[in-house]
Amino acid sequence: MKYSALVIPTLRDAPADAEVASHILLTRAGFIRRQAAGSYHWLPLGMRVLAKVQRIVRAELARIGAQEVLMPVVQPAELWRRSGRWDVMGAEMLRLADRQNRDYCLSPTQEEAVTELFGRTVGSYKQLPCNLYHIQTKFRDEIRPRFGLMRAREFIMKDGYSFHLDERSLDETYADMYSCYAAILDRIGLRYRAVEADPGAMGDNDSHEFHVLAAAGEDRLAYSPASDYAANVEKAEAAAIADDAEVEDLAKVPTPGVKTIEDVAAFLGVEQRRCVKTLIVHATGSGDHLALAALVLRGDHKLNEAKAMRLNGVRRPLVFATDDEIHAALGAHAGSIGPIDIPLPLLVDRSAAELASFVCGANQDDYHLVGANWQRDVGTDFQTVDIRNVVEGDSAADGSGPLRFMRGIEVGHIFKLGAKYTRALNVTVQDAAGQDTAPIMGCYGFGVSRIVAAVVEQWHDDDGIIWPEAVAPFAVHLVALNNSRSVAVQSTAEDLHEQLEAGGLEVLFDDRDERPGVKFADADLIGIPHRITIGERGLKEGVVEYRRRDAATMEKLSPSMTVRRLIDR
RNA sequence: CGGGGUAUAGCGCAGUCUGGUAGCGCACCUGCUUUGGGAGCAGGGAGUCGGGAGUUCAAAUCUCUCUACCCCGACCA
């Protein structure tokens, strides 16, 4: 295809709002253009990449027997009211009304629609398992769209849903989907990790996220270099850290005006990890009396609110007590609170509970206690729990060694839904005994447009994008130098163009009347894997130049040899 | 949602403080020269200065208001 016939608006400067490599490069190289916050046009080069990603996704899904459908974007509120999610979804769901003033939404996800579709079209257990997916534009009114395609409001997603009579069948499809996602990411050529997502209170509700590894990723992952263990930092289980300190004598010391852990540690000349902080939160209380609970963490650890909320006795969502509430209940202000003789339920983080000797608030304003010890000074009336964020160096939950951190872009998420939607929408199939039963479901999302950004995050250098072959917009970039002046260059380039395309290769032929430097710069920016440069200089020796975008080396080959090399590749 | 900031040509920006009727670089068009890593010269096209209201003889500039967009935050004992 001739460059001159395509809309490829490359830019020397990136738009001021673009921050991350994928956003900057995809814009500069003319793949996408912003329309509004979080919504993007896909230009011809971008479309070609999208199409390749979709082709791979479709091929791998076909392999495990998933069937493609296409469901509507605009959905009646009625459907969402039936599942109860019309009121639950909140502002992230964009709502609109038609001329009759009936409510609709732009579908942010498709559980309701697919369940209803399934219910109307499948009635017998003989048709199970049934695995349906579509690739469609989604709209989510994100609080803060950013990073170009990585967190867009309008984006393209593959979402799939499976229906099963029993857990065993769901497990099989779930496992298929897991390996399908791995196969897709392998084919595209990405480094990734599958991580455990929210393990849930039950512990057996499988859910995995697929993260492409990239510094610009929005998620922080904890992983064990020594094993397959990986988890989102927010969700990773934090092990207890043993303490080898000596038990010391308890002493009360005046600490006037010293409140934060940082100040306490500095004032008393101890490490932050030898202090504990006591956070007062609202408890699930009865009656009109305000119930509180105390959460205790090591001074150098951070509370994980999601973990705290999951505990029995802690109100969900988490509410921190105000200073007034703390003073009313404990007679001291925040900043001087500690676990000793505190008249509240005590929930102590595993690592804090290991401390043999620690500093804490004295429950008396402007005093702290040093040399505190759990058994001697607090007793046994507390629960040991996991309520902190993991930190680098913690032991992995599988015991394989210290955790390391890295960043990831979540491109896939698979989880088991159970019968939540089939029950809510009253969808059943007849089982072998003729009984109506609500099938259980699995749900599988894959960010098609986001993965384009993820590829660029992982595959670029200072000059531009370096597309992996599987998703490159073209396989070969033919750069004809001064072709408008040189008949030899122009005719050789045209021959090569024709022969390569005849050999089944997708070719971008830069036939523009531009200077060499411009063409090279654009070629590097656009990032097509194979580049052939045709110039008068080489043609005098009967050669053209071949180089890969991902390699520094260049080879001189005869035109016919070049064609053969690329086609036989 | 809270805080901060920005809005001037397709992109990047200056001009705003101190009001006088819009400019620079890139991109685009024409011509000449140039031609192996983002050319030079000359000429040219392109802007409701985010919208509205106000002050003023006069507003990109001052005031009010609305909107859009960007950044940061949402873990405190």
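We name chains A, B, ... by the order of the sequence lines, and we start the count at 1 in each one. In this text the structure is predicted, and so the values were computed from the model without any measurement.
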Quiz item: In whole Å, what is the span from the OH atom of A:Y546 to the C1' atom of B:G36?
Solution: 20 Å

Quiz item: Which nucleotide, B:G37, B:A39, B:C69, lies nearest any side-chain atom of A:R547?
Solution: B:G37

Quiz item: Just checking A:G361: base, sugar-phosphate only, or nothing, at a heavy-atom cut-off of under 4.0 Å?
Solution: nothing

Quiz item: When we call it a touch if two heavy atoms are under 4.0 Å apart, what does A:I326 touch: a base, just sugar-phosphate, or nothing?
Solution: base

Quiz item: Counting side-chain heavy atoms from C-beta on, which of B:G36, B:G37, B:C69 comes nearest to A:T533?
Solution: B:G36

Quiz item: Once you round it to whole Å, what is the distance between C1' of B:C29 and CG of A:D513?
Solution: 14 Å

Quiz item: Which residue, A:V518 or A:V264, contacts RNA chain B at a nucleotide closer to its 5' end, judged by nearest heavy atom?
Solution: A:V518

Quiz item: For A:F155, is the NZ or CZ atom of A:K138 found under 6.0 angstrom from the centre of its six-membered ring and inside 45 degrees of the ring axis?
Solution: no

Quiz item: Using purine N1 to pyrimidine N3 plus N6-O4 or O6-N4 for Watson-Crick, or N1-O2 and O6-N3 for G-U wobble, each under 3.5 Å, what pairs with B:G36?
Solution: none

Practice problem: Answer yes or no on whether A:R220 is positioned over the face of A:F405, meaning its NZ or CZ is under 6.0 Å from the six-membered ring centre and within 45° of the axis. | Solution: no

Quiz item: P atom, B:U63 versus B:A46: distance in rounded Å?
Solution: 33 Å

Self-check item: Passing option when A:N483 is tested against A:K519, A:R512, A:E494 for side-chain hydrogen bond (donor to acceptor under 3.5 Å, both in side chains)
Solution: A:K519

Quiz prompt | Distance, P atom - from B:C41 to B:A22, rounded to whole angstrom | solution = 26 Å

Practice problem: Please answer whether the main-chain N or O of A:K2 pairs with a side-chain N or O of A:D511 as donor and acceptor at a distance below 3.5 Å. | Solution: no

Self-check item: Nucleotide B:G36, atom P - distance to CD of A:E536 in whole Å
Solution: 10 Å

Quiz item: Could you give the distance from CG (A:N482) to CZ (A:R485), rounded to the nearest 0.5 Å?
Solution: 4.0 Å

Quiz prompt | Over-ring placement of A:R48 relative to A:F474, 6.0 Å and 45° cut-offs | solution = yes

Self-check item: Short side-chain N/O contact from A:R12 to OP1 or OP2 of B:C26, under 4.0 Å
Solution: no

Quiz item: When you compare B:U61 with B:A7, how far apart are their C1' atoms, in angstrom units rounded to a whole number?
Solution: 14 Å

Quiz item: Contact class for A:E545 vs. all strands (heavy atom < 4.0 Å): base, sugar-phosphate, or nothing?
Solution: base

Quiz item: When we call it a touch if two heavy atoms are under 4.0 Å apart, what does A:A294 touch: a base, just sugar-phosphate, or nothing?
Solution: nothing

Quiz item: Which listed nucleotide (B:G36, B:U34, B:C70) is nearest to the side chain of A:R34?
Solution: B:C70

Quiz item: Considering Watson-Crick and G-U wobble pairs with both distances under 3.5 Å, what does B:C17 pair with?
Solution: none

Please write out the pairs of protein N or O atoms and N or O atoms of nucleotides 1-11 of chain B separated by less than 3.5 Å, giving the distance to one decimal.
{"residue": "B:C11", "atom": "O2'", "partner": "A:D13", "partner atom": "O", "Å": "3.4"}

Practice problem: For A:R28 and B:A27, give me the distance from atom CZ to atom C1', rounded to whole Å. | Solution: 13 Å

Practice problem: Using whole Å, report how far CD1 of A:I8 lies from P of B:A27. | Solution: 17 Å

Quiz item: So what does A:S336 touch, heavy atoms closer than 4.0 Å: a base, only the sugar-phosphate, or nothing?
Solution: sugar-phosphate

Practice problem: Using heavy atoms and a sub-4.0 Å distance, could you list which residues of residues 480-494 of chain A are near RNA chain B? By number, please. | Solution: A:L481, A:N482, A:R485

Exercise. Check the distance between B:G36's P and A:R531's CZ and give it to me in whole angstrom.
Key: 14 Å

Exercise. From the options A:R531, A:R548, A:R547, select the one residue that forms a salt bridge (charged side-chain N to carboxylate O under 4.0 Å, His left out) with A:D524.
Key: A:R531

Quiz prompt | Nucleotide B:A77, atom P - distance to CG of A:N363 in whole Å | solution = 16 Å

Quiz item: Are A:R33 and A:W42 in a cation-pi setup, meaning NZ or CZ lies under 6.0 angstrom from the ring centre and within 45 degrees of the ring axis?
Solution: no

Quiz item: Just checking A:D323: base, sugar-phosphate only, or nothing, at a heavy-atom cut-off of under 4.0 Å?
Solution: nothing

Exercise. Tell me which nucleotide among B:C28, B:U35, B:G38 gets nearest to the side chain of A:T10.
Key: B:G38

Exercise. Starting at atom CD1 of A:I526, determine the distance to atom C1' of B:G38, rounded to an integer number of angstrom.
Key: 13 Å

Quiz item: Base, sugar-phosphate, or nothing: which does A:R512 touch, judged by heavy atoms less than 4.0 Å apart?
Solution: nothing

Quiz item: What distance, rounded to whole Å, do you find between the two C1' atoms, one in B:G5 and one in B:G43?
Solution: 40 Å

Quiz item: Using atom P of each nucleotide, how far apart are B:U8 and B:G15 to the nearest Å?
Solution: 14 Å

Quiz item: Considering only side-chain heavy atoms of A:K302, which listed nucleotide, B:C71, B:A39, B:C75, is closest?
Solution: B:C75

Exercise. Return yes if some donor-acceptor pair links the side-chain N/O of A:N363 with the main-chain N/O of A:G338 below 3.5 Å, else return no.
Key: yes

Quiz item: Is there a Watson-Crick or G-U wobble partner for B:G73 with both distances under 3.5 Å, and if so, which one is it?
Solution: B:C1

Quiz item: What distance, rounded to whole Å, do you find between the two P atoms, one in B:C69 and one in B:G12?
Solution: 16 Å

Quiz item: Using atom P of each nucleotide, how far apart are B:C62 and B:G19 to the nearest Å?
Solution: 9 Å

Practice problem: State which of B:C70, B:A77, B:G36 makes the closest approach to the side chain of A:I261. | Solution: B:A77

Practice problem: If B:C41 has a Watson-Crick or G-U wobble mate with both distances under 3.5 Å, name it; if not, just say none. | Solution: B:G31

Quiz item: Where is the tightest heavy-atom contact between A:D323 and A:A334, given as atom of each residue plus distance?
Solution: OD1-N, 2.9 Å

Quiz item: Can you tell me how far P in B:C11 sits from the matching atom in B:G44, rounded to whole Å?
Solution: 24 Å

Practice problem: Pick base, sugar-phosphate or nothing for A:K277, based on heavy-atom distances below 4.0 Å to the nucleic acid. | Solution: sugar-phosphate

Quiz item: NA contact type, A:N304, heavy-atom cut-off 4.0 Å: base, sugar-phosphate, or nothing?
Solution: nothing

Quiz item: When all nucleic acid strands are considered with a 4.0 Å heavy-atom cut-off, which category describes A:R298: base, sugar-phosphate, or nothing?
Solution: nothing

Practice problem: Starting at CZ of A:R350, measure out to CZ of A:R298 and round the result to the nearest 0.5 Å. | Solution: 14.0 Å

Quiz item: If each of A:I534 and A:V276 is mapped to the nucleotide of RNA chain B with the nearest heavy atom, which maps nearer the 5' terminus, i.e. the 5' end?
Solution: A:I534

Quiz item: Using purine N1 to pyrimidine N3 plus N6-O4 or O6-N4 for Watson-Crick, or N1-O2 and O6-N3 for G-U wobble, each under 3.5 Å, what pairs with B:G47?
Solution: none

Practice problem: Could you tell me which nucleotide pairs with B:A7 by Watson-Crick or G-U wobble geometry, both distances under 3.5 Å, or answer none if nothing does? | Solution: B:U67

Quiz item: Which nucleotide, in any strand shown, forms a Watson-Crick or G-U wobble pair with B:U61, with both distances under 3.5 Å?
Solution: none

Exercise. Please report the C-alpha distance between A:E506 and A:M1 in whole Å, then the side-chain angles of each, then the deciding distance to 0.1 Å, and finally whether the side-chain contact (heavy atoms from CB on, under 4.5 Å) criterion is met.
Key: CA-CA 8 Å; A:E506 294 172 302; A:M1 196 163 284; over 6 Å; no

Quiz item: A:R388 near the nucleic acid: base, sugar-phosphate alone, or nothing, with a heavy-atom cut-off under 4.0 Å?
Solution: nothing

Quiz item: Which atoms form the tightest heavy-atom contact between A:D243 and A:A356, and what is the distance?
Solution: OD2-N, 2.9 Å

Quiz item: Going through the distances and angles, do A:D263 and A:T260 end up as a side-chain hydrogen bond (donor to acceptor under 3.5 Å, both in side chains)?
Solution: CA-CA 5 Å; A:D263 293 345; A:T260 65; 3.2 Å; yes

